[in-house]
Structures are given as C-alpha cells and as structure tokens.
> 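Mind having a look at this structure? Questions to follow.
As a basis for the values below, the full set of heavy atoms in this structure was taken, side chains included, without hydrogen atoms, waters or symmetry mates. Just follow the structure's listing: the first ligand is 1, and inside any ligand the first atom is 1.
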Amino acid sequence: MKERTLAIIKPDAVKKHVIGDIIRRYEEAGIPPIALKMMTLSKDQAEGFYAVHNARPFFQDLTTYMASGPVVVLALEGENAIKVNRDLMGATDPKKAETGTIRAAHGASIEANAVHGSDASETAQVEIAFFFPELKS
Ligand code: ADP
Ligand code: MG
C-alpha cells in the first residue's frame with residue numbers, strides 16, 4: 001500500500017554533512033520525498049512535535065537537542081513507506097542498529113541518532129500535518 005511517513009534529518013546529521021547521503025537512501029529504497037524543508041525548530045516546536053514523550057526522563061534534553069541547530073523535515077511517499085523507513089533507520093540506539101542502517105552509519109548517541117521516522121500510520125498523519133499542513137492526501 002502506498003503511504004506517507006514523516007522523517008527528520010536531525011541536527012547531528014546536518015552538522016556531519018550527510019543530508020545528501022540520507023536522502024539518497026530514501027530515494028533508493030523507493031520512498032522519495034514529496035515535500036521537504038530545512039529549518040531550525042524553536043524549543044516550543046520541538047516540545048510540540050515530541051509531546052507524546054513529555055513524561056520521559058529525556059524529554060528536556062531531547063527537545064533542547066532538536067532545537068540546537070538546523071534540521072531537514074521530509075514527507076516521504078512509497079509502498080509501505082512507514083516500515084521501509086523504520087527498517088532503513090535502524091534501532092534507536094546506534095550501537096544496536098544493524099549494519100547498513102542510517103543510524104549505524106551516522107548516529108552519534110541514543111539521543112543524537114541522525115533521523116526521526118514516524119512509527120505508525122496515525123502518528124505519520126499527525127506528524128505530516130504538524131510540518132506540512134498544506135499537504136493534502
Ligand atoms: P525512535 O526515534 O527510534 O522512534 P523513540 O520514539 O523511543 O525512538 O524516542 C524518540 C527519540 O528520543 C529518539 O529518536 C532519541 O532521539 C530520543 N531518545 C530515546 N530514548 C532515549 C534515551 N534513553 N536517552 C536519550 N534520548 C533518547
Ligand atoms: Mg518514535
């Protein structure tokens with residue numbers, strides 16, 4: 001099934017100059033971007049985006065980190081885009097991510113782990129609408 005997912009190239013990956021490598025991986029996996037923008041999140045935007053995690057102990061660190069520099073936000077589209085992207089990303093902790101995944105290649109730590117990807121179709125819809133309200137399905 002053709003579907004959409006939201007990805008974010010996080011500040012650590014932008015600083016490492018691997019935007020191009022990461023977008024190439026999306027394209028080669030059949031989930032090219034249909035919308036993208038580079039921006040620096042405010043702390044408020046980062047907290048809004050990660051609101052589901054607001055009770056987690058790392059919430060303040062995570063949202064400070066996500067607002068620490070430019071990110072690239074992308075809506076990706078393709079067959080099974082949500083799972084295809086999660087498989088491309090690898091495990092949350094780059095040390096546990098499978099060889100060949102984006103996080104294994106580029107993640108610096110469990111927090112600065114190079115990319116975000118939606119985890120289910122409901123969250124994908126909410127997350128795409130958060131950054132791309134103009135995108136209609
Ligand atoms: P994922 O991004 O793999 O879906 P989660 O949704 O569980 O992972 O967590 C969201 C983000 O919060 C992670 O990508 C990572 O940046 C950060 N994070 C998760 N767990 C931790 C942790 N134990 N310590 C610090 N940051 C974390
Ligand atoms: Mg998640």
> Would you mind checking which non-hydrogen protein atom is closest to atom 10 (C) of ligand 1, with the distance to 0.1 Å?
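Scanning the protein heavy atoms, the shortest distance from atom 10 (C) of ligand 1 goes to H53 NE2, 3.5 Å.
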> Hey, can you tell me if F49 and F131 have their rings parallel, tilted or perpendicular (30° and 60° cut-offs)?
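F49 and F131: tilted rings.
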> Nearest protein heavy atom to atom 11 (C) of ligand 1, by residue and atom, and its distance?
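Going by distance alone, atom 11 (C) of ligand 1 is nearest to L62 CD2, 4.0 Å.
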> Kindly indicate, with the supporting measurements, whether the criterion salt bridge (charged side-chain N to carboxylate O under 4.0 Å, His left out) is fulfilled by D21 and R24.
CA-CA 5 Å; D21 177 69; R24 177 187 58 76; 2.7 Å; yes
> Checking K16 side chain against H106 main chain: does a donor-acceptor pair fall under 3.5 Å?
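Looks like yes, one N/O pair under 3.5 Å.
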> Nearest protein heavy-atom contact for atom 4 (O) of ligand 1: which residue, which atom, what distance?
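Looking only at protein heavy atoms, the one closest to atom 4 (O) of ligand 1 is R86 NH1, 2.9 Å.
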> What atoms in ligand 1 come closer than 4.0 Å to a heavy atom of R56?
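By the 4.0 Å cutoff, the relevant atoms are 7 (O).
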> Against heavy atoms of T92, which atoms of ligand 1 measure under 4.0 Å?
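Going through ligand 1 atom by atom, the ones under 4.0 Å from T92 are 1 (P), 3 (O), 8 (O), 13 (C), 19 (C).
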> Checking R103 side chain against A114 main chain: does a donor-acceptor pair fall under 3.5 Å?
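Answer holds: no.
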> Is the side chain of T63 donor-acceptor paired with the backbone N or O of F59 at a distance under 3.5 Å, no angle test?
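Side chain of T63 to backbone of F59: a pair is present.
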> Hey, is the main chain of G78 close enough, under 3.5 Å, to the side chain of E3 for a donor-acceptor pair?
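Not confirmed, E3 side chain does not pair with G78 backbone.
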> Polar-atom distance check: H116 versus ligand 1, any N or O pair below 3.5 Å?
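In fact, backbone or side chain, H116 has no N or O that close.
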> Taking 4.0 angstrom as the limit, do E77 and R4 come out as a salt bridge?
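The answer is yes: the pair qualifies as a salt bridge.
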> Give the atoms of ligand 1, by number and element, whose distance to some non-hydrogen atom of R103 is under 4.0 Å.
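Going through ligand 1 atom by atom, the ones under 4.0 Å from R103 are 1 (P), 2 (O), 3 (O), 14 (O).
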> Against ligand 1, does K10 come closer than 4.0 Å with any heavy atom?
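Yes.
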> Identify the protein heavy atom lying closest to atom 18 (N) of ligand 1, giving its residue, its atom name and the separation to 0.1 Å.
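Going atom by atom, the protein heavy atom closest to atom 18 (N) of ligand 1 ends up being F58 CE1, 3.5 Å.
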> Can you list the ligand 1 atoms lying under 4.0 Å from a non-hydrogen atom of N113?
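Near N113, meaning under 4.0 Å from one of its heavy atoms, ligand 1 has 13 (C), 14 (O), 15 (C), 16 (O).
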> Is it the side chain, the backbone, both or neither of I110 that has a heavy atom closer than 4.0 Å to ligand 1?
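Both parts.
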> Which residue holds the protein heavy atom closest to atom 16 (O) of ligand 1, what is that atom called, and what is the gap in Å?
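The answer is E111 O, 2.8 Å.
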> Would you call the rings of F58 and H53 parallel, tilted or perpendicular, taking 30° and 60° as the class edges?
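The arrangement is tilted - the two ring planes meet at 30° to 60°.
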